[in-house]
Amino acid sequence: MRNVQKRAWRCAQKVERSEFLGSHRMDTAEVLLSVLVVVIIIVSLLSNVVVLICFLYNPEIRKQVPGLFNLNLTFCNLLLTVSNMPLTLVGLVSKAQPGGDSFCQIVGFLETFLSTNSMLSMAALSIDRWIAVVFPLRYHSKMRHRDAAFVLGYTWAHSVSFSTVAACLSWVGYHRLYASCTLSNPRASSRTQFVIFTVFFHSFTFLLSFIVLCFTYLKVLKVARFHCKRIDVITMQTLVLLVDIHPSVRQRCLEEQKRRRQRASRKISTFIGTFMLCFAPYVITRIVELFPAVPINPHWGIVSKCLAYSKAACDPFVYSLLRHQYKKTCTDIINKMLKRSSLNASERAPQHQGNNLPTAEG
């Protein structure tokens, strides 16, 4: 009888152990998603740090009004990278809430604040470009550092307001679908209020930023195409007058016209496209989640969260590092570092040579 009881107890232990390991074992999709989160963290951290170094190194960038918007965007991306992304990785690997409830509420508050602030910063950058292109003669009077500070003040007030409301109503916490501390409502009693808040929040954050991006950048594209058309007319008139011009030169001029037309469209598509590609899947998933009858794949929840995080890794390239001024600053910093290292090496060389000289005793 005792042997039978021992066997039953051992079988029960094996079943519990297998269930525990099965619940904590990561499948292939979760492993790939974990690797993706690590890559996003590394790229976002390095690229945003480079933007911050360029801002601190180049006084010309600091003097420009868009530099303030880029600095605010970089600050949000860096803080999101070091605070929220690693905890999402921990939640994805351990399949459990990282830390206690109070800690998760603080992290969820930060996530809501930083994501909102970054979206509005992109909208502010698009407004700055619109004023610079559409009203070039009045740009310095319409967009001063004081005006930029006022716009940034609104973005912070907007972000803090929604984040504070969500935190005060206990609508931030660990969400298993996204494996992160974010907007969440575990209570059924306040479901209606949470639905209204979520729709209102995404409408006045994501949708508002998207409308501003489309309006401003399409206006910029219209002006750019108008100027390209005028340049093309002048170029064609010049080519007609220059009868003896070589066919290869004429062909290069025509190809340059085509590239100039495509360059403006490509930049506008990058600004709007990256915004939609990174944020739209996550926002749509959050809206669909409000309808319990619609099932959502847990892997898709993590994918949409990774896409939203990937915007922090894309922004430094989209708004800063691919511009000529930032490229030149990066080149100057690298050249200065290489020159300093070469000078240090040349200073050490004579010392080593002096140490290797034969002495009189030798």
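- Taking the six-membered ring for Trp and the full ring otherwise, the centers of F271 and Y217 sit less than 6.0 Å from each other.
- At a threshold of 4.5 Å between non-hydrogen side-chain atoms, the residues R129 and P66 count as touching.
- Hydrophobic clustering, with ILVMFWY side chains joined whenever heavy atoms are under 4.5 angstrom apart, groups L221 together with V223.
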Task: Residues L46, V50; criterion side chain to side chain contact (heavy atoms under 4.5 Å, CB included); working and verdict - done: CA-CA 6 Å; L46 294 178; V50 171; 5.5 Å; no
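- The shortest non-hydrogen separation linking S180 to K305 is OG-CE, 3.5 Å.
- In H299, the NE2 atom is crowded: over 12 heavy atoms of neighbouring residues, nucleotides or ligands sit closer than 6.0 Å.
- The minimum heavy-atom distance linking C181 with N84 is given by the pair O-ND2, 4.3 Å.
- Using modelled atom types, no side-chain atom of Q105 and backbone atom of G108 make a donor-acceptor pair closer than 3.5 Å.
- Counting all heavy atoms, side chain and backbone alike, T116 lies closest to T112 at OG1-O, 2.7 Å.
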TODO: Could you go through the side chain to side chain contact (heavy atoms under 4.5 Å, CB included) check for L183 and F197 one step at a time?
DONE: CA-CA 10 Å; L183 286 176; F197 172 81; 4.0 Å; yes
Open item on the list: Evaluate L169 against S190 for side chain to side chain contact (heavy atoms under 4.5 Å, CB included), listing each step before the verdict.
Closed with: CA-CA 9 Å; L169 296 176; S190 60; over 6 Å; no
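- Between C54 and C330, a gap of 2.5 Å or greater is found separating the two SG atoms.
- Using modelled atom types, one side-chain atom of N48 and one backbone atom of S44 make a donor-acceptor pair closer than 3.5 Å.
- Looking at heavy atoms from C-beta onward, Y309 lies out of side-chain contact with I41 at the 4.5 angstrom threshold.
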Return all side-chain donor-acceptor pairs below 3.5 angstrom for residues 315-325, not counting sequence neighbours, or 'none' if the list is empty.
| unit_1 | atom_1 | unit_2 | atom_2 | d |
| --- | --- | --- | --- | --- |
| D315 | OD1 | K311 | NZ | 2.3 |
| D315 | OD2 | N77 | ND2 | 3.4 |
| Q325 | OE1 | Q64 | NE2 | 3.2 |

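- V82 is not connected to V90 by any chain of hydrophobic side-chain contacts under 4.5 Å among Ile, Leu, Val, Met, Phe, Trp and Tyr, and they are in different clusters.
- V39 and L277 are assigned to two separate hydrophobic clusters, defined by single-linkage of ILVMFWY side chains at heavy-atom distances under 4.5 Å.
- Remark: of the listed residues F200, F201, F206, F200 is the sole one forming a ring-ring contact (aromatic ring centres under 6.0 Å, His included) with F204.
- Not one N or O on the side chain of S163 forms a donor-acceptor pair closer than 3.5 Å with the backbone of V160.
- Proximity of V49 to T74: side-chain heavy atoms (C-beta onward) are nowhere separated by under 4.5 Å.
- Across all their heavy atoms, S161 and A157 have their closest contact at OG-O, 2.6 Å.
- Checked against the 6.0 Å centroid criterion, the rings of Y178 and Y282 qualify as a close aromatic pair.
- Annotation for F210: atom CZ does not count as buried by contact number, only 12 or fewer foreign heavy atoms lying within 6.0 Å.
- Applying the side chain to side chain donor-acceptor pair (under 3.5 Å) definition to pairs two or more places apart or across chains, those involving residues 196-206 are H158-T205.
- Applying the salt bridge (charged side-chain N to carboxylate O under 4.0 Å, His left out) rule to pairs touching residues 51-60 yields E60-K63, sequence neighbours excluded.
- Here CG of L213 is found 9.5 Å from CG of L208. Values are rounded to the nearest 0.5 Å.
- Within 6.0 Å of CZ in R62 there are more than 12 heavy atoms belonging to other residues, nucleotides or ligands.
- Within the structure, ring pair (Phe, Tyr, Trp, His ring centres under 6.0 Å) contacts touching residues 31-80 (residues at least two apart or in different chains) do not occur.
- Between L338 and I334, the closest side-chain pair of non-hydrogen atoms falls below 4.5 Å.
- Between M122 and L73, some side-chain heavy-atom pair lies under the 4.5 Å cut-off.
- Considering all non-hydrogen atoms of both residues, D128 and M143 come closest at OD1-CG, 3.3 Å.
- Shortest non-hydrogen contact noted between S209 and F275 is CB-CZ, 3.8 Å.
- Taking 4.5 Å as the limit, some side-chain heavy atom of W130 sits within range of a side-chain heavy atom of F135.
- Using a 4.5 Å heavy-atom threshold, the side chains of V38 and S34 count as separate.
- Through side-chain heavy atoms spaced under 4.5 Å, either directly or across other Ile, Leu, Val, Met, Phe, Trp or Tyr residues, L87 is tied to F103, V107.
- Placement of L218 and L207 in two distinct hydrophobic clusters is found when ILVMFWY residues are connected by side-chain heavy-atom separations under 4.5 Å, directly or transitively.
- Linking Ile, Leu, Val, Met, Phe, Trp and Tyr whenever their side-chain heavy atoms come within less than 4.5 Å puts V220 and M276 in one cluster.
- The closest side-chain donor-acceptor pair between Y174 and D101, if any, does not fall under 3.5 angstrom.
- Side-chain heavy-atom separations under 4.5 angstrom define the hydrophobic clusters, and F109 shares its cluster with no other residue.
- The shortest side-chain heavy-atom distance between S118 and L80 does not fall under the 4.5 Å cut-off.
- M337 CE to D332 CG: the interatomic distance, rounded to the nearest 0.5 Å, is 13.0 Å.
- Interatomic distance, L110 CG to I106 CD1, rounded to the nearest 0.5 Å: 8.0 Å.
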